[in-house]
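Below is one structure, written out as structure tokens, with a few remarks after it.
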Amino acid sequence: MSDKASLLRPLKDEHLLEVYREAKKMNLSHEFIELLEEALSIRQLSHYKEA
């Protein structure tokens, strides 16, 4: 886990997913979205990204 991804650890799974979806909608930076995707992958939530 990258140091930056570890900063997302306190977020509950559902909040992390919400932040990811909103970041995609708002077309935020590619680096931020990749960071969120890394955190989702670590938590094995990648399959929920589009839900």
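Reckoned from all heavy atoms, side chains included, excluding hydrogens, waters and symmetry mates.
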Checklist entry - Which of these passes side-chain contact (heavy atoms from CB on, under 4.5 Å) with Leu36: Val19, Leu11, Leu17, Leu28? => result Val19
Checklist entry - Taking all non-hydrogen atoms of both residues, which atom of Lys12 and which atom of Arg43 are closest, and how far apart? => result C-NH1, 3.6 Å
Next on the checklist: If I take atom CD from residue Gln44 and atom CG from residue Asp13, how far apart are they, to the nearest 0.5 angstrom?
Outcome noted: 10.5 Å
Checklist entry - Measuring from Leu16:CG to Arg21:CZ, what's the distance to the nearest 0.5 Å? => result 9.5 Å
Next on the checklist: Please enumerate all residues that pass side chain to side chain donor-acceptor pair (under 3.5 Å) together with Lys25, with sequence neighbours excluded.
Outcome noted: Glu22
Checklist outcome for this item: Rounding to 0.5 Å, atoms NZ (Lys4) and CD (Glu34) come to a distance of 11.0 Å
Checklist entry - Is it true that a side-chain atom of Arg9 and a backbone atom of Ala39 form a donor plus acceptor pair closer than 3.5 Å? => result no
Item to check | Other residues, nucleotides, ligands: >12 heavy atoms within 6.0 Å of Glu14 CD | outcome: yes
